[in-house]
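A short write-up of the structure that comes next.
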Amino acid sequence: MDDINVLHHRCLLNLRRRIRDIGDGRPAQEQCMRLQKDGDTLSYQGNSEEVGCYVAGHPLSKGNCYFEVTIVDTGVRGTIAVGLVPKFYRLDHQPGWLPYSVAYHADNGKLYNGNPVGKQFGPKCARGDRIGCGIHSENTEAGLTTVFFTKNGREVGSVEVPLSSEGLFPAVGMHSMGEEVKVDLRAEWLLEEDDTVMVVDSHEDDWGRLNDVRVSGMLLEYVGKGKSIMDVGLAQARQPLTTRCHYYEVEIVDAGEKCYIALGLARRDYPKNRHPGWSRGSVAYHADDGKLFHGSGVGDAFGPRCFKGDIMGCGIMFPRDYSLDGEGPADVEAWDRPEDRLGPDAVQNVLYLNGEEEEEEEEEEIAQEQQGRKVTVFFTRNGKLMGRRKVAVPPGGLYPTVGMLSSGEKVKVDLHPLSG
């Protein structure tokens with residue numbers, strides 16, 4: 001009887017061990033279609049007309065909340081997607097296309113959140129880039145979880161998605177010949193020191209208008225198409241410069257493809273698709289050519305070009321007796337008044353269809369500026385004064401405005417460098 005009890009006990013232990021191993025993922029029940037898996041490498045095996053998809057055997061959890069995919073080859077189109085899907089996901093669809101799935105797509109930098117139509121999210125990814133995906137937190141009461149994505153170890157952004165009863169499984173999709181990636185399901189992601197400030201404190205409320213620009217703490221990132229001069233990304237501060245806060249700085253974190261970065265000052269109703277300095281009621285120092293643009297598409301030689309790591313500054317030298325009409329909290333509230341956003345002046349926020357319309361509007365603006373007060377606007381580069389320019393102050397004041405126009409551009413903005 002003792003031998004039978006011992007044998008029975010061993011059988012129970014083996015059964016429990018098998019159940020535990022299945023729950024822990026040994027062996028993992030992975031799913032794969034039109035992709036060849038060789039160790040940790042996935043390669044597309046379709047005909048570029050059909051989607052290939054891989055789904056890991058186990059969902060992300062608190063103990064394993066992050067994974068990474070390294071792009072070995074972008075193939076013909078670079079249509080590689082990295083994200084999370086439900087357990088029984090259709091493998092002939094890219095991650096993110098179907099409900100309860102979410103994915104960051106390398107070819108266009110868009111986020112697909114349960115919809116075949118994506119939204120601009122981050123930069124495109126190329127050969128050698130690492131795309132990461134993880135879970136920040138779960139709100140079980142609301143049935144939501146926060147999913148974040150990274151590129152080369154830096155967080156790109158996050159989104160809330162519905163919680164699945166079986167969890168969310170790491171997934172990789174491909175859609176063109178030659179695409180190949182390496183998957184690390186046990187990757188770890190640690191927030192870098194520089195990123196801590198940007199993630200903890202959101203400065204989005206500092207900005208009154210954002211067009212094709214994403215805010216992450218003090219970081220502004222261009223997320224537009226960057227294919228023509230009509231694709232300008234614009235960020236305009238919520239408050240104008242005043243006698244109490246008369247200077248701000250921009251550090252070039254990434255020059256992107258062309259370093260089409262400009263900082264300056266503009267009127268509150270400045271066109272959202274125009275670089276600061278190009279249209280009336282604005283003045284700006286442009287990093288790519290070192291020129292100063294003052295209400296014109298033709299710039300004047302002004303200072304040296306600026307590159308990654310350079311800090312560009314812009315401020316106003318106010319006269320001692322200067323007082324800006326409405327200076328104070330009232331100006332902040334003005335951003336939220338519907339009549340200010342939707343009034344006749346708001347029409348100027350769309351792209352100019354032809355030169356004649358712009359010329360007619362500029363004639364009216366010139367007349368307004370000639371009646372306004374003038375101040376001295378100055379620009380700096382790495383703490384050194386580059387030059388000054390007399391500028392008429394439009395009604396409401398001059399607002400810190402940053403423009404970008406090429407893929408990958410990132411800047412760190414300090415709207416209050418002289419405080420504290």
Could you tell me which residues satisfy salt bridge (charged side-chain N to carboxylate O under 4.0 Å, His left out) with Arg388, sequence neighbours excluded, listed by chain and number? none
Results of salt bridge (charged side-chain N to carboxylate O under 4.0 Å, His left out) for Asp300 - residues two or more places apart only: Arg389
Donor-acceptor pair, Ser176 side chain versus Arg77 backbone, under 3.5 Å? yes
Residue list, salt bridge (charged side-chain N to carboxylate O under 4.0 Å, His left out) with Lys37, at least two apart or on another chain: Glu30
Can you tell if the side chain of Leu219 reaches within under 4.5 Å of the side chain of Lys410, non-hydrogen atoms only? yes
Looking only at the aromatic ring of each residue, does the gap between the centers of His286 and Phe293 stay below 6.0 angstrom? yes
Side chains of Tyr112 and Ser101: do they bring a donor and an acceptor to under 3.5 Å? no
Thr79 and Glu179: side-chain donor and acceptor closer than 3.5 Å? yes
Do Phe378 and Tyr247 have their ring centres less than 6.0 Å from each other? yes
Restricting to non-hydrogen atoms, name the atom on Thr70 and the atom on Arg130 that form the minimum distance, rounded to 0.1 Å. OG1-CG, 3.5 Å
His175 meets the ring pair (Phe, Tyr, Trp, His ring centres under 6.0 Å) criterion, sequence neighbours left out, with none
Who are the ring pair (Phe, Tyr, Trp, His ring centres under 6.0 Å) partners of Tyr248, not counting sequence neighbours? none
Counting neighbours of NZ on Lys258 that are heavy atoms of other residues, nucleotides or ligands and sit closer than 6.0 Å, is the number greater than 12? no
Which residues satisfy the salt bridge (charged side-chain N to carboxylate O under 4.0 Å, His left out) test with Glu50, sequence neighbours excluded? Arg34
For the pair Phe379 and Phe302, name the ring-plane relationship: parallel under 30°, tilted 30 to 60°, perpendicular over 60°. perpendicular
Kindly determine whether His58 and Phe169 satisfy ring-ring contact (aromatic ring centres under 6.0 Å, His included), including the steps that lead there. CA-CA 6 Å; His58 306 286; Phe169 293 70; 7.7 Å; no
Between Asp289 and Arg305, does at least one N-O distance fall below 4.0 Å, as a salt bridge requires? no
